[in-house]
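We use all heavy atoms of the structure for the numbers below, so side chains are in, but hydrogens, waters and symmetry mates are not.
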Amino acid sequence: MARRLRRFTHAEGAGESGLGKLIELHAVNSAGDMLITVALASTIFFSVPTGEARGRVALYLLVTMAPFALLAPVVGPLLDRVPHGRRAAMAASMLARALLALAMSGAVASGGLELYPAALAVLVSSKAYGVVRSAVVPRLLPPTFSLVKANSRVTLAGLVATGAAAPLGAGLHQLGPALPLYGAFAVFVLGTFLSFSLPGKVDSAKGERKARLAPAPRIVGRAGSRTGNDRNARNGKNGKNGGKDEKRPGLRTVGMSVRSALVANSALRALSGFLTFFLAFLLRDQPLTGLSGAFSLGLVAVAAGGGNALGTAIGSWLRARGPEVIIAGVLACALTASVTAALVYGTVTVAVVALTAGIAQALGKLSLDALIQRDMPEEIRTSAFARSETLMQMSWVVGGGLGIALPLIAPLGMAVGAVLIAAGGVFSVRNLLRAARHGTPHPRVA
């Protein structure tokens, strides 16, 4: 089995480029995160009555998600300042979670308040790894790989590892509440060593520059003349008005396609966070017809995970064909499924919503990656990935907070999910389709 898995991860030049080692590292990371998730879910969610569980999860969100919402925008820029230490950053993230898993093992049985700060640190470390991993992938692309295909393979390996770790963690929990955390400790220690096995080019920042997060204004002059910024770029200096007109750095200089894709993916990620929390409480309190609460949750979890895997497989097959159209299409599918579930709530429609959300999130993210690869110059691409990943995580946090705050009324929840997608569609679909027809201008390089 190990030899077969290694042949898969190292196929088509991935072994020679180093991508195969990153795929294996991401599988280890996903398995460790799942073991910690099982331990926390068993303590905070499953071990107490529904009313108390909702209070505990609300406390968990308050203590972990609220600070994370403040820390998340800082994670990407901080990591972007140390491009020569990406392997060390991933290893530090693994080692930190290994030690935190040990620290939580003493408090997981009682569910004491000391569990929550450690959970926050685990969350921040996990997202820091995700940001660095997104920035590393472009440096390990084999000659025959597109970025969509590379990210599909990395994501698929993580999903397989998560699926394998979930029953293992549940089995360990039956033997003792702290055992999944001990397992996570061992997995993350392995990940710490694997981080340093990545090729040395991961730590190279040769040719890289920073991506902007806000557009610099163009100075309109007489017909046929260059803008002030174009003249400044030509002359290699800011000029008299350059410093005054420069805005804060950001991603939106990359053109209509990437900006609209960021909006659309933020809506999809918010829907994912919302459904995660809302359906977890709803189905525990109000199981699907003829099913137990545990089976209802399992059905939705399998549908969402299967949708994510299916979306990843479809993304690998589609490669980078028409990413704007793909994003518009998955938004339409997610909106249709959510509206249908709001009007006709039942076992089938809830499973379809979870499945569609998983497919949409996977395809949307892969298409965003493809647009960043296509529309951004190579020297600022890794910087852009760090910032886009942070934005996606922030959107998930916002959606999750909305899911925990909403009353447990099934049609209302599905309608709110539809509103999230509709809002993203209003501000993105038209621009995406227009860009697909006419193309986007080349981005400015900060």
Side-chain angles (χ1 to χ4, degrees), residues 1-3 5-6 8-10 14-15 17-40 68 75-76 78-79 82-105 108 118-140 150-151 153-169 172-173 178-203 312 382 385-386 389 393:
M1 178 67 73
R3 284 194 295 270
L5 289 174
R6 194 165 186 84
F8 168 75
T9 59
H10 285 60
S17 71
L19 181 64
K21 292 183 177 180
L22 180 63
I23 292 172
E24 294 168 354
L25 176 64
H26 186 65
V28 169
N29 173 82
S30 299
D33 276 345
M34 175 51 65
L35 290 174
I36 290 182
T37 299
V38 168
L40 291 177
F68 176 72
V75 172
L78 280 179
L79 293 172
V82 286
H84 298 287
R86 289 173 181 145
R87 290 184 296 179
M90 286 191 281
S93 167
M94 297 283 184
L95 182 60
R97 281 176 285 171
L99 298 177
L100 289 165
L102 280 184
M104 288 190 293
S105 63
V108 71
L120 169 63
V122 167
L123 180 66
V124 172
S125 297
S126 178
K127 301 315 176 187
Y129 162 84
V131 168
V132 179
R133 192 259 302 168
S134 295
V136 162
V137 170
R139 289 214 164 263
L140 299 179
N151 276 284
R153 189 168 290 190
V154 172
T155 304
L156 187 59
L159 291 172
V160 171
T162 297
L168 174 62
L172 289 174
H173 178 73
L179 287 182
L181 293 171
Y182 292 137
F185 169 79
V187 169
F188 283 127
V189 168
L190 173 63
T192 301
F193 290 102
L194 288 179
S195 299
F196 289 108
S197 71
L198 295 174
K201 59 186 176 183
V202 165
D203 288 336
T312 302
T382 53
F385 272 110
E389 181 67 19
Q393 302 300 343

> Taking the side chain as every heavy atom from C-beta outward, state whether Met94 and Leu25 have any pair of such atoms under 4.5 Å apart.
yes

> Measure the shortest side-chain to side-chain distance between Asn29 and Arg133 over non-hydrogen atoms and say whether it is less than 4.5 angstrom.
no

> According to side-chain hydrogen bond (donor to acceptor under 3.5 Å, both in side chains), who are the partners of Asp33, at least two apart in sequence or on a separate chain?
Arg97, Ser126

> Minimum heavy-atom separation for Leu100 to Ala121, with atom names?
CD1-CB, 3.4 Å

> Given the rule in the side chain to side chain contact (heavy atoms under 4.5 Å, CB included) test, do Met34 and Ser30 qualify, once you have shown the distances and angles that lead to the verdict?
CA-CA 6 Å; Met34 175 51 65; Ser30 299; over 6 Å; no

> Could you give the distance from CG (Leu168) to NE2 (His173), rounded to the nearest 0.5 Å?
13.5 Å

> Once rounded to the nearest 0.5 Å, what's the spacing between atom CZ of Arg139 and atom CG of Leu19?
14.5 Å

> With a cut-off of 3.5 Å and sequence neighbours excluded, list every side-chain donor-acceptor pair involving residues 154-165.
unit_1, atom_1, unit_2, atom_2, d
Thr155, OG1, Asn151, O, 2.7
Thr162, OG1, Gly158, O, 2.8

> Determine yes or no for a side-chain-to-main-chain donor-acceptor pair under 3.5 angstrom, with Ser93 supplying the side chain and Ser125 the backbone.
yes

> Would you list the atom pairs, donor with acceptor, under 3.5 Å between side chains in residues 180-196 and any protein atom, with sequence neighbours excluded?
unit_1, atom_1, unit_2, atom_2, d
Thr192, OG1, Leu95, N, 3.3
Thr192, OG1, Phe188, O, 2.9
Ser195, OG, Gly191, O, 2.8

> Identify the two heavy atoms, one from Ala101 and one from Ile36, that lie closest to each other, and give their separation to 0.1 Å.
CB-CD1, 4.4 Å

> If we only count heavy atoms from C-beta on, is the Leu198 to Arg86 side-chain gap below 4.5 Å?
no

